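Quick caveat, the model's predicted, so the values are computed rather than measured.
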Amino acid sequence: MDLQQIPHADLLGMAVALALVGIAAAYLYYNKKPEGSLNPEKFIEFKLVKKTPISPNTAKFTFALPRRTSVLGLPVGQHIICRGKDSQGVEVIRPYTPITLDSNVGYFELVVKGKMSHHFKEMREGDYLPVRGPKGRFKYNPGHARALGMLAGGSGITPMFQLIRAILQNPKDKTNVHLIYANVMLDDILLKEDLDAFARKYPNRLKVYYVLNQPPETWNGGTGFISKEMIQIHCPAPAPDIQILRCGPPPMKKAMAAHLKELGYKREMQFAF
């Protein structure tokens, strides 16, 4: 058909229709949620591409995803299960929370310290790690709470860091975060540079209070263990629209549960990773 024979109004209508189709296709393309790289039922192997020491007994491990455009597909607040072997060759399965989000495309990162650290210590760039997931009971959405209090010890900082990063990097999320982070010595504090950078960038959204069992001579944080008084001062008071999260060694989690109960935080105001 000769386009010159088509009435002008019809041509205009066709052009508008094609434009709308193009806009819709572009919207679907750019807003389509990428398919995740995990499987909750079976282990999938991911290649270690970089190993970065961050303390005497802790390192950051960067793993490649199947494609440069792939995402891990891990909801905020969830974790993965990793499989390896201890120093005796016995299989070890442990949960880990990546410090990266799905906004990090093509890779994910773990900060590792603890029982399975032997397996990671022996890993070389080019080796593969079996991973399964997502796993976990905690489900986070923006507006989950007006404020979050976080009680972390040692490597228990990783799920907290994942949440902090997701909250602060989302302009629509107005949640305020109050973190108390306990360790033995200054060098044991994981991700301190990142946490301090977030606190400087978002001074009204994130408050961080460090506690050391063996602090240096010059120290302006807490000393000893996380106390009931520290929680009262540095965490949001009990209220229906707040939540206190805790993650760390079992004795610490037990002690924090006792403190929170005494301070009047109801069970629905708490969550333990």
Side-chain angles (χ1 to χ4, degrees), residues 31 33 74-79 95 97-104 111 134-183 189-211 220-222 225-248 252-273:
N31 291 275
K33 191 174 181 180
L74 186 71
V76 175
Q78 303 274 290
H79 61 266
T97 304
I99 61 170
T100 43
L101 304 172
D102 278 355
S103 55
N104 302 108
V111 170
K135 297 290 182 181
R137 297 177 292 112
F138 188 79
K139 299 183 186 299
Y140 181 82
N141 291 300
H144 178 89
R146 170 179 56 83
L148 291 176
M150 298 180 172
L151 309 175
S155 57
I157 189 61
T158 54
M160 309 301 188
F161 184 83
Q162 181 205 52
L163 275 166
I164 289 169
R165 192 172 191 176
I167 290 167
L168 297 180
Q169 291 182 352
N170 182 354
K172 295 180 180 180
D173 197 332
K174 305 303 180 184
T175 308
N176 292 322
V177 181
H178 306 258
L179 169 67
I180 303 179
Y181 183 23
N183 284 278
I189 301 177
L190 305 180
L191 302 166
K192 188 175 187 300
E193 289 184 8
D194 301 273
L195 290 168
D196 290 346
F198 276 137
R200 286 193 299 270
K201 188 174 181 180
Y202 304 96
N204 298 320
R205 302 280 313 285
L206 174 65
K207 305 295 183 185
V208 181
Y209 185 70
Y210 298 108
V211 180
N220 58 3
F225 301 101
I226 298 177
S227 66
K228 192 167 58 175
E229 291 72 26
M230 291 177 189
I231 296 172
Q232 278 184 306
I233 295 169
H234 298 285
C235 283
D241 58 351
I242 68 95
Q243 192 168 33
I244 306 294
L245 312 176
R246 59 185 191 272
C247 187
M252 176 200 160
K253 288 200 288 188
K254 185 176 179 181
M256 295 306 101
H259 288 338
L260 293 173
K261 184 178 180 180
E262 289 181 28
L263 290 170
Y265 293 93
K266 297 179 181 179
R267 289 185 64 181
E268 58 268 26
M269 299 177 192
Q270 305 177 42
F271 184 86
F273 287 99

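With rounding to the nearest 0.5 Å, the separation of CD1 in I180 from OH in Y210 is 12.5 Å. Summarising the geometry, atom CE belonging to M256 is positioned 5.5 Å from atom CD1 belonging to I231; distances are rounded to the nearest 0.5 Å. Here the OG1 atom belonging to T158 is positioned 9.0 Å from the CZ atom belonging to F273, to the nearest 0.5 angstrom. Atom OH in Y202 sits 14.5 Å away from atom NZ in K207 (nearest 0.5 Å). To the nearest 0.5 Å, atom OG of residue S227 and atom CD1 of residue I233 are 7.5 Å apart. In this structure, CG in L168 is found 9.5 Å from CG in N176, a value given to the nearest 0.5 Å.
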Exercise for review: Please lay out, stage by stage, how F198 and Q169 fare under the test side-chain contact (heavy atoms from CB on, under 4.5 Å).
Suggested key: CA-CA 10 Å; F198 276 137; Q169 291 182 352; 4.0 Å; yes
Point to revise | side-chain contact (heavy atoms from CB on, under 4.5 Å) between Y140 and Q78, intermediate numbers included | key: CA-CA 9 Å; Y140 181 82; Q78 303 274 290; over 6 Å; no
Point to revise | Worked verdict on H144 versus F138 for ring pair (Phe, Tyr, Trp, His ring centres under 6.0 Å) | key: CA-CA 11 Å; H144 178 89; F138 188 79; 5.3 Å; yes
Exercise for review: Assess whether side-chain contact (heavy atoms from CB on, under 4.5 Å) is satisfied between K174 and I167, documenting all intermediate values.
Suggested key: CA-CA 8 Å; K174 305 303 180 184; I167 290 167; over 6 Å; no
Exercise for review: May I have the step-by-step check of side-chain contact (heavy atoms from CB on, under 4.5 Å) for T175 and L148, ending in yes or no?
Suggested key: CA-CA 7 Å; T175 308; L148 291 176; 4.0 Å; yes
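A heavy-atom distance below 4.5 Å is not found between the side chains of V177 and M160. Proximity of Q270 to R246: side-chain heavy atoms (C-beta onward) are separated by under 4.5 Å at one or more points. At least one side-chain heavy atom of Y181 sits under 4.5 Å from a side-chain heavy atom of N183. R165 has its side chain within reach of L101: a pair of non-hydrogen atoms, C-beta onward, lies under 4.5 Å apart. Contact of the D194 side chain with the I99 side chain is not registered, since no non-hydrogen atoms from C-beta on lie closer than 4.5 Å. Inter-residue side-chain proximity for F161 and M150 is flagged as unmet; no heavy-atom pair is nearer than 4.5 Å. Using a 4.5 Å heavy-atom cutoff, the side chains of I244 and C235 are in contact. When side chains are defined from C-beta on, Q243 counts as touching L245, because their heavy atoms get closer than 4.5 Å.
Between P95 and H79 the shortest heavy-atom distance is CB-CD2, 3.6 Å. A152 approaches L179 most closely through the heavy-atom pair CB-CD1, 4.2 Å. In terms of heavy-atom proximity, F225 sits nearest to M230 at O-CE, 3.5 Å. When all heavy atoms are compared, the tightest approach of P236 to H178 is CD-CD2, 3.7 Å. Considering all non-hydrogen atoms of both residues, A199 and V208 come closest at CB-CG2, 4.4 Å. M252 and I226 get closest at one heavy-atom pair: CE-CD1, 3.8 Å.
Between the side chain of K266 and the backbone N or O of K261, no donor-acceptor pair lies under 3.5 Å. Proximity of a side-chain donor or acceptor of Q162 to a complementary backbone N or O of T100 within less than 3.5 Å is not detected. With K139 contributing its side chain and G136 its backbone, the two residues share no donor-acceptor pair below 3.5 Å.
Under the salt bridge (Lys or Arg N to Asp or Glu O under 4.0 Å) criterion, the residue pairs touching residues 232-245 are R146-D241, with sequence neighbours excluded.
Under 4.0 Å is where a charged nitrogen must lie from a carboxylate oxygen, and between D196 and R200 no such pair does.
Ring geometry for H234 versus Y209: interplanar angle under 30°, hence parallel rather than tilted (30 to 60°).
Environment of CD in E268: crowded, with over 12 heavy atoms of neighbouring residues, nucleotides or ligands closer than 6.0 Å. Counted within 6.0 Å of NZ on K135, heavy atoms from surrounding residues, nucleotides or ligands total more than 12; the atom is thus considered enclosed.
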